[in-house]
Amino acid sequence: QVQLVESGGGLVQAGGSLSLSCAASGRTFSRYNVAWLRQAPGKEREFVAAINWSGGTTDYADSVKGRFTISRDNAKNTVYLQMNSLKPEDTAVYYCAADRSWHPRREWEYDYWGQGTQVTVSS
């Protein structure tokens, strides 16, 4: 029912900023909770941030709190992740995922996933 496509990844120097987009298909996307998750080489996939269907509730991993901001524009069927003060340890493939239930940190319960976009932060 939902197809997700991430974009905006690339190479950025430490301390810089990058904005990711997650574009979704379907008119019901506005009712889905969406999360950003990432996976670095040799590491398990980890939760980054989540936003509920209305945009009124968000959750962030401690490692990105204060640096990353998740937002959404339901009229455009798009969720964003603004990343500031990037660090080399932020290097990973970033995925967006969606689910109709609110369980921000339990990434294994998200039903829909995008293909991922690579973010590389150099020092």
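None of these values were measured; they are calculated from a predicted model.
- Both Tyr112 and Leu20 are members of a single hydrophobic cluster when ILVMFWY side chains are connected at heavy-atom separations under 4.5 Å.
- The side chain to side chain contact (heavy atoms under 4.5 Å, CB included) test with Val121 singles out one residue from Leu11, Leu18, Asp90, and that residue is Asp90.
- Going from atom OH of Tyr80 over to atom SG of Cys96 covers 12.0 Å, rounded to the nearest 0.5 Å.
- Side-chain N or O atoms of Arg105 include one that pairs as donor or acceptor with a backbone N or O of Tyr60 at under 3.5 Å.
- Once rounded to the nearest 0.5 Å, the distance linking OG of Ser54 with CG of Asn33 reads 8.5 Å.
- Tyr110 and Ile70 are not part of a single hydrophobic cluster, where members link through side-chain heavy atoms under 4.5 Å apart.
- Checked by atom type and distance alone, the side chain of Asn84 never pairs as donor or acceptor with a backbone atom of Ser17 at under 3.5 Å.
- The shortest side-chain heavy-atom distance between Tyr94 and Met83 falls under the 4.5 Å cut-off.
- Ionic pairing of Asp62 and Lys65 is present here: one or more N-O contacts between side-chain nitrogen and carboxylate oxygen are shorter than 4.0 angstrom.
- Taken to the nearest 0.5 Å, the OG1 atom of Thr57 stands 8.5 Å off from the CD1 atom of Ile51.
- Atom NZ of Lys43 has 12 or fewer neighbouring heavy atoms from other residues, nucleotides or ligands inside a 6.0 Å radius.
- Under the 4.5 Å side-chain heavy-atom criterion for Ile, Leu, Val, Met, Phe, Trp and Tyr, Val48 and Val5 are members of distinct hydrophobic clusters.
- From Gln13, atom CD reaches atom CG of Leu86 across 11.0 Å, with rounding to the nearest 0.5 Å.
- Listed here is the closest heavy atom pair of Pro104 and Ala35: O-CB, 4.4 Å.
- Heavy atoms only, all atoms of each residue included: Ala97 and Leu37 are closest at CB-CD1, 3.8 Å.
- Among all heavy-atom pairs drawn from Glu107 and Phe47, the shortest one is OE1-CB, 4.4 Å.
- Residues Asp111 and Arg100 are not paired through a salt bridge, judged by the lack of any N-O separation under 4.0 Å between the basic side chain and the carboxylate.
- Here the closest non-hydrogen pair linking Ser19 and Gln82 is CB-OE1, 3.4 Å.
- With Phe29 as the aromatic partner, Arg72 meets the cation-pi criteria of under 6.0 angstrom to the ring centre and within 45 degrees of the ring axis.
- Val12 and Phe68 end up in the same hydrophobic cluster when Ile, Leu, Val, Met, Phe, Trp and Tyr side chains are linked at under 4.5 Å.
- Put simply, the side chain of Asn74 never gets that close to the backbone of Asn77: no donor and acceptor are under 3.5 Å apart.
- Atom CD of Gln3 has 12 or fewer neighbouring heavy atoms from other residues, nucleotides or ligands inside a 6.0 Å radius.
- Residues Tyr95 and Glu6 come closest through the heavy atom pair CA-OE2, 3.2 Å.
- By the neighbour-count criterion of 12 heavy atoms within 6.0 Å, atom CH2 of Trp53 is sparsely surrounded, having that number or fewer from other residues, nucleotides or ligands.
- Of all heavy-atom pairs between Gln39 and Ala92, the closest is O-CB, 3.4 Å.
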